[in-house]
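Just so it is clear, the model here is predicted, and its values are computed rather than measured.
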Amino acid sequence: MDDVELGRIRAQRELPEPVKFAWPIMLIPELFTTPRHLALVLGYLASIGWEVFVPNLRAAFGKGSTPALEKLRFNDLAALAGEALDGIGRDAVVLGHGVGGLVALKLSEHRRVKAAVAYAPLVPGFSTPLVGGVANRLATMLGRSIKPPRGRVLFELIADSDPFTRDGLINAMVPDSGALATDVSTGAIDFAAADKAAPRLVVAGDSDIFAPLQETTKFAESIGAKLAKIPGRGHWLIGGRALERAINETQRFLVRALGQDLLLLYPEEWKNEPRE
């Protein structure tokens, strides 16, 4: 794994040998999480032949034109992710988790994006329990950062993660922007029509209390995104038993949406996948 510079944004880059796909994937994390929380996704994608970039967007908060964490809005985060994408200098697939999934779907409008994939995206207009609690509501009103969930809500968040990773995942969680969370809960996010954007996929667990399947289904339909459902799984689709299923759904979607131009080595199991 290498550390690279995507313009002013530092990123981790994994370059497998051999690379099997024509375009890289850029990963974007959920609220309260960092590139560390995407380590299993990065490793899995690299193991099957993807070149992967994971930009450290947080390191750019409060620098240049980017607001500090407390004032960061959704469009600021999307702009920063777009800046990292420009820094790659090539077309790419964007994949995000939670609010990172919303950013990925927003970036489907970007000229460099071949396709956008959202794992358990937060639903615009839905008040997710992920950012709930009296303390976080007060912090948002005062323009302060909000804290990661605790107790039962935290348990529900990481319930589908691998048990041996849970302590590390919890300890690595960080405060986040109440302004950004408010943009999501109030639905203050616009998405281009499907015919003006790259292909979009939403992957959702049917037991996700943070982005319930019924609400996620309506959201996916409203932006013309494909929807893949994972039975018996919650919000943490970036680890545990859900990860393999989520990546399988992603692979199938990308080959159908982008065709064999995606495949440098033409794996036999995907050669006959119909293109949509």
>> Within this structure, what is the OG-CZ distance for the pair Ser207 and Phe210, rounded to the nearest 0.5 Å?
In response: 12.0 Å
> Do Glu109 and Lys196 sit within salt-bridge range, that is, some charged N less than 4.0 Å from a carboxylate O?
Replying inline: no
> Are any side-chain N or O atoms of Asp206 and backbone N or O atoms of Gly232, one a donor and one an acceptor, separated by less than 3.5 Å?
Replying inline: yes
> Hey, is the main chain of His235 close enough, under 3.5 Å, to the side chain of His97 for a donor-acceptor pair?
Replying inline: yes
> Does some side-chain heavy atom of Glu30 sit less than 4.5 Å from a side-chain heavy atom of Ile238?
Replying inline: no
>> Asp160 and salt bridge (charged side-chain N to carboxylate O under 4.0 Å, His left out): which single residue from Arg166, Arg233, Arg241 fits?
In response: Arg233
> So which heavy atom on Leu45 is nearest to which on Leu27, and how close?
Replying inline: CD1-CD2, 4.0 Å
> Is the shortest distance from a Lys or Arg side-chain nitrogen in Glu221 or Lys218 to a carboxylate oxygen in the other one below 4.0 Å?
Replying inline: no
> In terms of hydrophobic clustering (I, L, V, M, F, W, Y; side-chain heavy atoms under 4.5 Å; direct or indirect links), are Leu154 and Val174 co-clustered?
Replying inline: no
> Considering only heavy atoms from C-beta outward, does the side chain of Arg58 approach that of Asp176 to under 4.5 Å?
Replying inline: yes
>> Set out, in order, the CA-CA distance, both residues' side-chain angles and the distance that settles side-chain contact (heavy atoms from CB on, under 4.5 Å) for Glu51 and Arg90, then state yes or no.
In response: CA-CA 12 Å; Glu51 179 184 7; Arg90 291 175 282 151; 2.9 Å; yes
> NZ of Lys71 to CG of Leu69: how many Å apart, nearest 0.5 Å?
Replying inline: 12.0 Å
> Which atom pair, heavy atoms only, marks the closest approach of Val54 to Pro35?
Replying inline: CG1-CB, 3.5 Å
> Between Phe155 and Leu169, is there a shared hydrophobic cluster once you connect ILVMFWY residues whose side-chain heavy atoms come closer than 4.5 Å?
Replying inline: no
> Any side-chain heavy atom of Phe61 sitting closer than 4.5 Å to one from Leu77?
Replying inline: yes
> Under 4.5 Å between any side-chain heavy atoms of Lys106 and Phe191, yes or no?
Replying inline: yes
> What distance do Asn248 atom CG and Thr250 atom OG1 have between them, rounded to the nearest 0.5 Å?
Replying inline: 8.5 Å
>> Determine whether Tyr119 and Ile247 satisfy the following criterion, side-chain contact (heavy atoms from CB on, under 4.5 Å), listing intermediate values before the conclusion.
In response: CA-CA 10 Å; Tyr119 287 178; Ile247 289 181; 3.7 Å; yes
> Can you find a heavy atom in the side chain of Ile189 that is under 4.5 Å from one in the side chain of Leu102?
Replying inline: yes
> Is Asp208 salt-bridged to Lys229, cutoff N-O under 4.0 Å?
Replying inline: no
> Between Asp76 and Arg73, is there a donor-acceptor pair closer than 3.5 Å when you use the side chain of the first and the backbone of the second?
Replying inline: yes
> So do the side chains of Leu105 and Val202 get within less than 4.5 Å of each other, counting heavy atoms only?
Replying inline: yes
> For Gly132, does its backbone N or O pair with a side-chain atom of Arg137 as donor and acceptor, under 3.5 Å?
Replying inline: no
>> Show the nearest heavy-atom pair for residues Ala11 and Pro55, with the distance to one decimal.
In response: CB-CA, 3.5 Å
> Atom CG of Leu72 and atom OG1 of Thr66: how far apart are they, to the nearest 0.5 Å?
Replying inline: 7.5 Å
> Going by heavy atoms in the side chains, are Phe21 and Gln251 under 4.5 Å from each other?
Replying inline: yes
> Which pair of non-hydrogen atoms, one from Asn136 and one from Val131, has the smallest distance, and what is that distance?
Replying inline: CB-O, 3.5 Å
> Going hydrophobic residue to hydrophobic residue with side-chain gaps under 4.5 angstrom, can you get from Leu138 over to Val153?
Replying inline: no
>> Is it the case that atom CZ in Arg8 sees more than 12 heavy atoms from other parts of the structure closer than 6.0 Å?
In response: yes
> Roughly how far apart are Thr217 OG1 and Leu227 CG, rounded to 0.5 Å?
Replying inline: 5.0 Å
>> In the structure I gave you, are the side-chain heavy atoms of Arg200 and Ser108 within less than 4.5 Å of one another anywhere?
In response: yes
> Could you walk me through whether Leu40 and Leu243 pass the side-chain contact (heavy atoms from CB on, under 4.5 Å) check?
Replying inline: CA-CA 8 Å; Leu40 292 178; Leu243 179 58; 4.0 Å; yes
> Rounded to the nearest 0.5 Å, what separation is found between the CG atom of Leu15 and the CZ atom of Phe53?
Replying inline: 8.0 Å
> If you look at every heavy atom in Ala242 and Ile230, which pair is closest and at what distance?
Replying inline: O-CD1, 4.1 Å
> Do you know which two heavy atoms are closest between Ala120 and Leu237, and how far apart they sit?
Replying inline: N-CD1, 3.9 Å
> Heavy-atom count around Gln214 CD within 6.0 Å, excluding the residue itself: above 12?
Replying inline: no
>> Applying side-chain contact (heavy atoms from CB on, under 4.5 Å) to Leu42 and Leu38, what does each step give before you reach the verdict?
In response: CA-CA 6 Å; Leu42 183 156; Leu38 295 170; 5.6 Å; no
